[in-house]
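Shown next, in structure tokens, is the structure this report addresses.
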Amino acid sequence: MRFFLDQPLAPGTDIELPESVWRHLQVLRLQAGASIVLFNGDGHDYAARLSALSRRSAQAEILAAQAVPRESPLRLHLALVMSKGDRLDWTLQKSTELGVHAIHLLSSERCEVRLHDDERLARKLQHWRQILLSACEQCGRNVLPQLTAPRPLLQHLADTHRPGFILDPGASGGWPEMTATGDIELVVGPEGGFSAAEVAAAQARAYRGLRLGPRILRAETAPLAALSVLQHRYGDLN
Ligand code: SAM
């Protein structure tokens, strides 16, 4: 079992596990002596032994650190207009499993999610971050994808300087031939799609239009299809 801890970890030390972890350990009915893996996002897996577990606390002894490379050489940035309900949660989870490097949340003309209230935004960010952490625990990643707080699409386009594609069912461009690896961005729209002005703004910033075949995919399907193809062709999905 893998658990994320937001703290420095070092072999040969004993640590007190936070409540979120010991509650999970109790649900799993693990006993003292069990082997667990801890990670903190620094690229290592830390083998540990559960040294004590009571109803209100747990301690672990960190035994060893191992650098385990599970990050793709292709640093995929997903610039994602937020969708409603649990679709966004689902996309965050699956993109993490597919090895996305960073997720930039966006609002746009046809975005139906409104987060004007700071407290609600902070709660949402915490919730999304937890989804990324849980996905990393499950899929073995030991580097967390970056998560950028929502901002308007046009502002993001104006400030971003990396090669990218805007996923647009009306685009004429298909899959590109690429030679370079490194950072690449995919901009994905909401259920209502992008406005013509938004597509034009992206093209003016040198984003290339990308059409994913003849069918319209749902807002949660399109990013996963595109991430999978790019990881397969240029990354580590092979
Ligand atoms: N009627 C909308 C339109 O024409 O754009 C459909 C939007 S679609 C449900 C949600 C988003 O997924 C789109 O904004 C686009 O980014 C992406 N998408 C869906 N199907 C696509 C396709 N075949 N090619 C490229 N992008 C697609």
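Just follow the structure's listing: the first ligand is 1, and inside any ligand the first atom is 1.
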Option of least heavy-atom distance to atom 8 (S) of ligand 1 (set: V199, T221, L80, L217)
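The option holding the nearest heavy atom is L217.
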Using a distance-only test with no angle check, is there a side-chain donor-acceptor pair under 3.5 angstrom linking E137 and H24?
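Judged by distance alone, the side chains do not pair up.
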Side-chain donor-acceptor pair present, H77, D183, cut-off under 3.5 Å
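On atom types as modelled, these side chains qualify, holding a pair under 3.5 Å.
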Minimum-distance pair of heavy atoms, taken over all atoms of L115 and P150
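Looking at all heavy atoms of both residues, the closest pair is CD1-CG, 4.2 Å.
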Closest approach of L132 to P145 (non-hydrogen atoms, all atoms of both residues):
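Looking at all heavy atoms of both residues, the closest pair is CD1-O, 3.9 Å.
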Which of the atoms of ligand 1 are close to [X], meaning less than 4.0 Å from one of its heavy atoms?
X	answer
R211	24 (N), 25 (C)
I216	6 (C), 20 (N)
G213	23 (N)
F194	16 (O)
V188	16 (O)

Backbone N or O of [Y] within a donor-acceptor pair of the [X] side chain at under 3.5 Å?
X	Y	result
Q231	S72	no
H232	L237	yes
R110	F194	yes
R114	C111	yes

So, applying side chain to side chain contact (heavy atoms under 4.5 Å, CB included) with L105, which one of T148, L147, V113 is it?
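Considering T148, L147, V113, a side chain to side chain contact (heavy atoms under 4.5 Å, CB included) with L105 is found only for L147.
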Taking side chain to side chain contact (heavy atoms under 4.5 Å, CB included) as the criterion, tell me which of N40, T13, L63 meets it with Y46.
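Going through N40, T13, L63 one by one, the side chain to side chain contact (heavy atoms under 4.5 Å, CB included) with Y46 is satisfied by N40 alone.
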Note the single closest protein heavy atom to [atom], along with its residue, its atom name and the distance in Å.
atom	value
atom 22 (C) of ligand 1	L212 N, 3.6 Å
atom 7 (C) of ligand 1	E191 O, 3.3 Å
atom 15 (C) of ligand 1	L167 O, 3.1 Å
atom 10 (C) of ligand 1	P190 O, 3.1 Å
atom 23 (N) of ligand 1	R215 O, 2.7 Å
atom 18 (N) of ligand 1	A222 CB, 3.6 Å
atom 21 (C) of ligand 1	P169 CG, 3.7 Å
atom 14 (O) of ligand 1	G189 CA, 3.3 Å

Counting only heavy atoms closer than 4.0 Å, does ligand 1 sit against the backbone of I166, its side chain, both, or neither?
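For I166, no heavy atom sits under 4.0 Å from ligand 1.
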Under a 4.0 Å heavy-atom limit, does L210 contact ligand 1 with its side chain, its backbone, both, or neither?
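It is the backbone that gets close, since no side chain atom is under 4.0 Å.
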G170 near ligand 1 by a heavy-atom separation under 4.0 Å:
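Not so, G170 does not reach ligand 1.
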Measure the acute angle between the ring planes of F39 and F4, then classify it against the limits of 30° and 60° as parallel, tilted or perpendicular.
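Because their plane-to-plane angle is over 60°, the rings of F39 and F4 count as perpendicular.
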